[in-house]
Amino acid sequence: MDKMVVVGNGPLKGSVATSGAKNAALPILFSTLLAEGEHVFRNVPKLKDIESTAELLQSLGCETRWDGDVFRVKVSRLQSYEASYDLVRKMRASFLCMGPMLAKYGEAVVSQPGGCAIGSRPIDLHLEGFKALGAEITQKEGYVHAATPKLKGSTFLFETVTVGGTENVMMAATLAKGKTVLENAAKEPEIVDLAEYLNKMGAKITGHGTSVITIEGVEKLTPAEHSIMPDRIEAGTLLIAGAITKGHVTVTKCVPAHLEALIIKMRDAGFKIETTKDTMTVFPCESWNAVDITTAPHPLFPTDLQAQYMALMAVANGTTVITETVFENRFMHVQELIRLGSDITPKTRVAVVRGRPNELTGAQVMATDLRASASLVLAGLVAKGETVVNRIYHLDRGYEKLEDKLSSLGAVIRRIE
Ligand code: EPZ
């Protein structure tokens with residue numbers, strides 16, 4: 001079981017590049033099932049979740065391979081329309097293969113993704129969306145069976161904003177007969193990146209990035225090429241790493257426009273942050289103030305940066321109220337931050353963080369989910385002494401060589417196999 005050892009070592013300095021966005025790459029890789037032939041991708045991050053996606057695509061009969069920094073996916077007529085429990089339980093996002101398979105082959109059998117540490121993560125809205133397009137849905141033995149002679153476009157209102165639901169139904173609608181209108185759709189930048197790739201394949205999607213997405217069904221899609229958008233969550237995590245260590249860090253190959261909510265909050269807290277079209281720079285700041293956040297769908301404060309921001313507020317001046325509205329159990333990092341000396345009171349969906357500037361001390365901590373593990377590494381950068389983050393495999397799912405990136409900025413951090 002890999003561990004990460006982090007030693008508090010003062011301000012980080014220098015510049016670091018963001019990798020491609022995991023949460024754009026995953027749906028885009030599953031969208032290849034809509035078009036037979038070879039798809040070519042650049043800026044795909046080298047992550048565990050990408051390996052899991054490749055494994056699932058291969059299990060369906062596709063070929064995937066790295067060609068230097070280019071990731072190629074060759075799709076031929078599928079030999080199977082079944083995504084097995086063993087593969088789906090490793091990565092819930094595997095459920096995103098259902099929409100493309102249903103649209104292309106009229107059939108899909110996908111294991112129901114289980115819950116996970118941060119919440120129950122239901123898929124009911126994905127299934128309601130498929131039904132609205134005319135699919136027959138049955139669930140048995142832990143698998144969802146979807147079938148249809150041909151999907152038909154319709155209007156569907158998501159009663160909750162769901163990133164995965166919007167992606168799955170949008171992908172299915174690309175080959176449906178007629179027009180589909182998705183209302184109360186998610187507006188995350190990853191949805192826009194997926195829609196842009198689908199349109200490169202010949203889909204007719206408009207409104208992506210707004211809450212109303214329109215998809216005119218087409219007969220056929222053909223493979224294309226795409227460079228995955230930068231990972232805004234990794235970029236935000238690296239910016240916070242510079243901030244929390246009172247450092248001077250520039251994050252490059254990112255899109256600051258995707259992180260306005262975070263930048264506004266950090267500036268309110270007292271940080272000087274300069275941005276260009278594709279870089280963000282945080283300047284040394286001796287002390288910063290507590291600033292409340294409430295997580296919500298884009299463009300509001302992203303739930304995927306809540307844990308990292310909590311680490312920053314754990315050493316702020318004053319008390320911060322952090323409200324998590326997206327997932328029901330996304331405070332698993334709180335008890336671990338407390339082990340490092342933070343003063344945090346978690347309630348249902350709200351955590352009260354009493355800042356203790358320069359008071360954290362290193363300890364053994366346990367990663368519980370992807371973003372919680374990032375939060376513990378950030379706290380370890382400022383805790384006195386050595387912090388050991390256990391179960392670091394959570395981190396590897398979503399961060400490409402984070403220890404190398406932080407070391408290049410002067411952090412003292414190493415992985416123990
Ligand atoms: C995506 O998960 C991301 N994962 C998550 O990132 C991210 O936290 C989340 O969106 C919110 O931004 C990927 O893109 C692979 P949702 P997703 O459907 O699609 C409820 C990370 O750290 N809901 O937008 O699963 C659900 O319970 C991960 O990279 C239903 O009720 O999230 C939740 O409360 C963690 N029914 C809310 O919607 C449904 O059918 C938002 O979930 C679907 C969702």
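Please read all numbers here as calculations on a predicted model, not as lab measurements. Counting convention: from 1, in listed order, for ligands and their atoms alike.
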*For atom 1 (C) of ligand 1, grab the closest protein heavy atom and report residue, atom and distance to one decimal in Å.*
V163 CB, 4.0 Å
*Measure from the ring center of Y105 to the ring center of Y81 and say whether it is less than 6.0 Å.*
yes
*Give the residue, atom name and distance (to 0.1 Å) of the protein heavy atom nearest atom 18 (O) of ligand 1.*
T162 OG1, 2.7 Å
*Which one of V169, T166, L125 has a non-hydrogen atom at the shortest distance from atom 40 (O) of ligand 1?*
L125
*If you measure from atom 15 (C) of ligand 1 to every heavy atom of I118, N23, D304, which option wins on shortest distance?*
N23
*Pair R414 + D404, salt bridge at N-O below 4.0 Å*: no
*What about Y309 and F301, are their ring centers closer than 6.0 Å?*
yes
*At the 4.0 Å heavy-atom cut-off, does P122 count as touching ligand 1?*
yes
*Output the list of atoms in ligand 1 that are nearer than 4.0 Å to some heavy atom of R371, sorted by atom number.*
21 (C), 22 (O), 29 (O)
_For R397, state whether at least one heavy atom is located under 4.0 Å from any atom of ligand 1._
no
*asked:* Check K405 with E234, please: is the shortest side-chain N to carboxylate O separation under 4.0 Å?
replied: yes
*Could you label the plane-to-plane angle of the H39 and F41 rings as parallel, tilted or perpendicular, counting under 30° as parallel and over 60° as perpendicular?*
parallel
*Tell me whether the centres of the aromatic rings in H226 and Y197 are closer together than 6.0 Å.*
yes
*Could you list the atoms of ligand 1 found under 4.0 angstrom from a heavy atom of R121?*
2 (O), 17 (P), 25 (O)
_I need the atoms of ligand 1 closer than 4.0 Å to a non-hydrogen atom of K22, numbered in the order shown._
21 (C), 29 (O)
_Option whose closest heavy atom lies nearest to atom 35 (C) of ligand 1, chosen from R92, R330, M91_ = R330
*Are Q308 and T237 close enough, and set up right, to give a side chain to side chain donor-acceptor pair (under 3.5 Å), and what steps lead you there?*
CA-CA 6 Å; Q308 299 91 314; T237 305; 3.2 Å; yes
*Would you give the length of the straight line joining atom OG1 of T250 to atom CG of L238, rounded to the nearest 0.5 angstrom?*
11.5 Å
*Answer side chain, backbone, both or neither: which part of V326 comes under 4.0 Å from ligand 1, heavy atoms only.*
both
*Under a 4.0 Å heavy-atom limit, does E328 contact ligand 1 with its side chain, its backbone, both, or neither?*
neither
*Could you check atom 32 (O) of ligand 1 against the protein and tell me its nearest heavy-atom contact, residue, atom and distance included?*
F327 CZ, 3.9 Å
*Atoms of ligand 1, numbered as shown, that sit under 4.0 Å from any heavy atom of T160*: 38 (O)
*Would a 4.5 Å heavy-atom cut-off, applied to side chains only, mark T162 and E167 as touching?*
no
*Going by the order shown, which atoms of ligand 1 are within less than 4.0 Å of some heavy atom of G164?*
18 (O), 19 (O)
*Does K90 pair with E55 as a salt bridge, N-O distance under 4.0 Å?*
yes
*Atom NZ of K150 with >12 non-hydrogen neighbours under 6.0 angstrom*: yes
*asked:* Between E417 and K3 (salt bridge meaning N to carboxylate O under 4.0 Å), is one present in this structure?
replied: no
*Determine whether the side chain, the backbone, both or neither of T303 has a heavy atom under 4.0 Å from any heavy atom of ligand 1.*
side chain
_Residue portion contacting ligand 1 (non-hydrogen atoms closer than 4.0 Å) for L370_ = side chain
*What protein heavy atom sits nearest atom 36 (N) of ligand 1, and how far off is it?*
D124 OD1, 2.7 Å
*Do any nitrogen or oxygen atoms of E167 come within less than 3.5 Å of a nitrogen or oxygen of ligand 1?*
no
